[in-house]
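This report concerns only the one structure given below.
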Amino acid sequence: MRNLQFQAGRCSLIDVPAPSPKPGQVLLRLKGTLVDETHLQDFRAGVQQAPFLVCGEVLQPGPGVIGMRRGQAVLTVCTQPLGTYLLVAVESVLPVSQNRAASCLLLGIALALKAVPAAEEYPESTVIAGVGFVGLALSALLKTTTPWVFGTSDAALICAKDLGASHSKEWPQALEELDEQGVEERGFGATLIETTGRLQNRQWAQILTLKGGTVVMATPAGPGGDTMEVDAGRLHYDQITWKALGPLQAQEIAVAQDHLDQIPDSLVSDCLPFSQIEKAFELLDAERGVCYLMSNDSEF
């Protein structure tokens with residue numbers, strides 16, 4: 001099997017032994033995944049933080065695993081090194097009807113749909129933090145416009161503005177401008193929807209909210225990803241509320257299928273073979289694409 005390995009400014013696929021599932025696990029063959037500006041940050045930094053939205057098929061259920069059959073199409077979120085074969089906990093997979101690479105789009109749409117109510121509660125003071133597929137899908141699904149979007153890729157930020165965002169900034173620029181603001185005016189939005197799943201971006205999100213702000217984590221469930229709402233004090237006695245939307249359910253994937261026609265084709269720049277994932281990152285780094293669907297059609 002081949003695993004994706006990041007180094008600062010480049011990546012490669014390296015050969016590693018295929019794992020065997022243990023009790024409570026299933027071995028999946030990667031069918032498709034998305035690479036976007038969220039992962040571009042990891043590519044540039046040389047460290048994987050952002051999860052990958054994955055469509056795969058079951059190769060081997062682990063001992064004692066029931067309800068999973070060989071060849072079954074499933075969706076999951078990959079927080080381990082991305083590879084042609086993935087070992088995942090059985091409770092972290094969701095069945096899907098179509099065994100094709102593009103099914104991974106449904107995960108991103110489902111995550112965006114969970115964040116829509118939070119984004120529309122105060123549309124005039126909501127920021128979308130991250131213009132990967134989830135952030136762009138959220139922009140496309142909103143009935144109202146969003147004042148601000150933050151990201152890394154100019155191409156993705158332009159796409160977000162085409163979808164209705166009033167203003168866009170790259171993360172470093174936003175943080176620089178924040179330092180120039182007075183404490184009373186500090187921040188860009190009272191509600192910030194964090195869509196990247198990156199620890200660094202989550203830290204930035206806390207900094208960029210206004211006094212009394214809320215950070216909604218519209219990211220795949222994982223460590224700290226269970227449904228929660230926590231109020232925490234910050235400097236100057238202001239409060240920040242953290243909200244995690246929790247794990248996805250099978251019914252939410254079915255609902256996402258009904259919203260596919262609301263997602264513009266411009267959100268996916270191209271479909272490339274998984275073996276060309278280095279090319280996808282090079283195109284993203286050169287601002288020549290927004291998001292790439294990576295398809296792995298190799299046989300087991």
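From a predicted model like this one, the values you see are computed outputs, not experimental measurements. Each residue takes its place number in the sequence, starting with 1.
A salt bridge links E177 with K169: the distance from a Lys NZ or Arg NE/NH1/NH2 to an Asp or Glu carboxylate oxygen falls below 4.0 Å. Salt-bridge check for E252 with K114: passed, with a basic side-chain N closer than 4.0 Å to an acidic carboxylate O.
Between C78 and V54, the closest heavy-atom pair is CB-CG2, 3.9 Å. Residues T145 and S166 share a closest heavy-atom pair of OG1-OG, 4.4 Å. When every heavy atom of L157 is checked against every heavy atom of G151, the shortest pair comes out as CD2-N, 3.6 Å.
Residues Y292 and F281 place their aromatic rings such that the two centres sit no closer than 6.0 Å.
Classified by interplanar angle (parallel below 30°, tilted 30° to 60°, perpendicular above 60°), the ring pair F43/F6 is perpendicular. Using cut-offs of 30° and 60° for the angle between ring planes, the F52 and H39 rings count as parallel.
Inter-residue side-chain proximity for V93 and L28 is flagged as met; some heavy-atom pair is nearer than 4.5 Å. A 4.5 Å side-chain heavy-atom check between Y85 and L30 finds every atom pair outside the cut-off.
Of the options L199, N201, T38, a side-chain contact (heavy atoms from CB on, under 4.5 Å) to Q49 is made by L199 and by none of the others.
Within 6.0 Å of CG in D265 there are 12 or fewer heavy atoms belonging to other residues, nucleotides or ligands.
Checked by atom type and distance alone, the side chain of Q72 pairs as donor or acceptor with a backbone atom of R69 at under 3.5 Å.
In this structure, CD1 in I263 is found 9.5 Å from CG in L136, a value given to the nearest 0.5 Å.
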